[in-house]
K.L.:
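Here you go, one structure.
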Amino acid sequence: MKSADDRRFPDALAASLAVTFDYAGGDGIDFEPFTAFLPADETTAWIRAWTGNAELTGDDFRVFGQDGTGGYAAIWLLRQDCALIEQPIVFLGSEGETAAVARDVDDFLWLLAGGYGPLEATPSFTTSEPGWTPRPHQELTAIAERHAPIRRRPAADVIALASQEYPYFEHRHGALPLILSKLRSPHPLAQQRMGARMMMR
């Protein structure tokens with residue numbers, strides 16, 4: 001769902017992004033949150049430069065932070081008729097790597113609580129840094145408990161569920177247009193979850 005005010009951080013996301021993330025010389029989380037979503041014109045300029053496709057716009061992304069190399073974490077506005085907090089969280093790396101890291105903002109809160117940032121939740125990071133160990137974060141856990149108490153789960157499960165629901169999003173540089181076209185029709189697991197949400201409303 002796109003609306004005039006969806007450039008504002010949802011409350012739960014704002015609370016989590018206000019926390020200081022410690023890089024700890026590479027042993028912590030490599031994540032630099034923004035204070036607001038990246039402006040629309042900057043998002044479009046980035047996606048065109050990142051893909052080499054001048055026809056794309058950044059309308060489907062709400063970028064809210066980056067890693068130390070300039071890779072972006074974003075909410076992807078994939079699910080029609082769903083609120084911003086119900087959209088998947090993705091990582092788009094500076095070297096072209098992509099990954100879905102959480103199915104929605106609630107899951108993302110528990111990912112952060114478990115000691116992962118968007119970069120650390122990607123398969124490429126796991127492969128390149130096999131010795132890295134997550135450090136659960138007390139303050140972020142308290143935020144997740146306050147905003148998404150019934151969604152509590154281990155960070156590893158958050159990552160696995162996102163990968164299962166968005167299997168096409170793990171690709172290398174230049175594949176984003178293909179990813180976008182494939183995921184315009186959500187994966188069956190995503191459709192089931194959207195149906196369940198509608199029944200609960």
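Computed from a prediction, not measured in an experiment: that's the story for all the values here. Residue numbers run from 1 in the order of the sequence given.
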K.L.:
Mind telling me whether Tyr166 and Trp76 have parallel, tilted or perpendicular rings, with 30° and 60° as the class edges?
P.N.:
tilted
K.L.:
Kindly indicate, with the supporting measurements, whether the criterion side-chain contact (heavy atoms from CB on, under 4.5 Å) is fulfilled by Ile143 and Val19.
P.N.:
CA-CA 10 Å; Ile143 291 170; Val19 172; 3.7 Å; yes
K.L.:
Do Trp110 and Tyr116 have ring centres separated by under 6.0 Å?
P.N.:
no
K.L.:
Please report the shortest heavy-atom distance between Gly117 and Leu112, naming the atom on each side.
P.N.:
CA-CD2, 4.3 Å
K.L.:
Enter the distance from Ile29:CD1 to Leu111:CG here, rounded to the nearest 0.5 Å.
P.N.:
8.0 Å
K.L.:
Show your working on side-chain contact (heavy atoms from CB on, under 4.5 Å) between Thr122 and Val101 and close with a plain yes or no.
P.N.:
CA-CA 7 Å; Thr122 65; Val101 300; 4.3 Å; yes
K.L.:
Decide side-chain contact (heavy atoms from CB on, under 4.5 Å) for Trp46 and Leu92; before the verdict, give the C-alpha distance in whole Å, the side-chain angles of both, and the deciding distance to 0.1 Å.
P.N.:
CA-CA 11 Å; Trp46 156 72; Leu92 303 105; 3.9 Å; yes
K.L.:
Starting at CG of Asp106, measure out to CD1 of Ile85 and round the result to the nearest 0.5 Å.
P.N.:
6.0 Å
K.L.:
Is a side-chain donor or acceptor of Trp50 paired with a backbone partner of Gly93 at a separation under 3.5 angstrom?
P.N.:
yes
K.L.:
Within the supplied structure, the quantity of interest is the number of heavy atoms (other residues, nucleotides, ligands) at a distance under 6.0 Å from Asp11 CG; does it exceed 12?
P.N.:
no
K.L.:
Between Arg62 and Asp59 (side chain of the first, backbone of the second, donor and acceptor by atom type, cut-off under 3.5 Å), is there such a pair?
P.N.:
yes
K.L.:
Answer whether the closest heavy-atom distance between the side chains of Arg153 and Leu161 falls below 4.5 Å.
P.N.:
yes
K.L.:
Would you say the side chain of Phe91 lies within less than 4.5 Å of the side chain of Asp67, judging by non-hydrogen atoms?
P.N.:
yes
K.L.:
Does Arg146 come within less than 4.0 Å of Glu139, counting only side-chain N to carboxylate O?
P.N.:
no
K.L.:
Between Asp104 and Gln87, does a side-chain contact (heavy atoms from CB on, under 4.5 Å) hold up when you go through it step by step?
P.N.:
CA-CA 5 Å; Asp104 53 28; Gln87 306 289 350; over 6 Å; no
K.L.:
What closest approach, in Å, do Ile47 and Gly58 show between heavy atoms, and which atom pair accounts for it?
P.N.:
CG2-N, 4.0 Å
K.L.:
Just verifying a value: how many Å separate Asp30 CG and Glu120 CD, rounded to the nearest 0.5 Å?
P.N.:
6.0 Å
K.L.:
Please name the pair of heavy atoms, one in Phe21 and one in Phe31, separated by the smallest distance, quoted to 0.1 Å.
P.N.:
CB-O, 3.7 Å
K.L.:
Can Glu145 and Arg152 be counted as an ion pair, charged N to O under 4.0 angstrom?
P.N.:
yes
K.L.:
Got Arg48 and Thr57 here, is their nearest side-chain heavy-atom distance under 4.5 Å?
P.N.:
yes
K.L.:
Please check this pair: side chain of Glu42 against backbone of Pro39, looking for a donor-acceptor N/O pair closer than 3.5 Å.
P.N.:
no
K.L.:
Please tell me if the side chains of Gln66 and Ser94 come closer than 4.5 Å, counting only heavy atoms from C-beta onward.
P.N.:
no
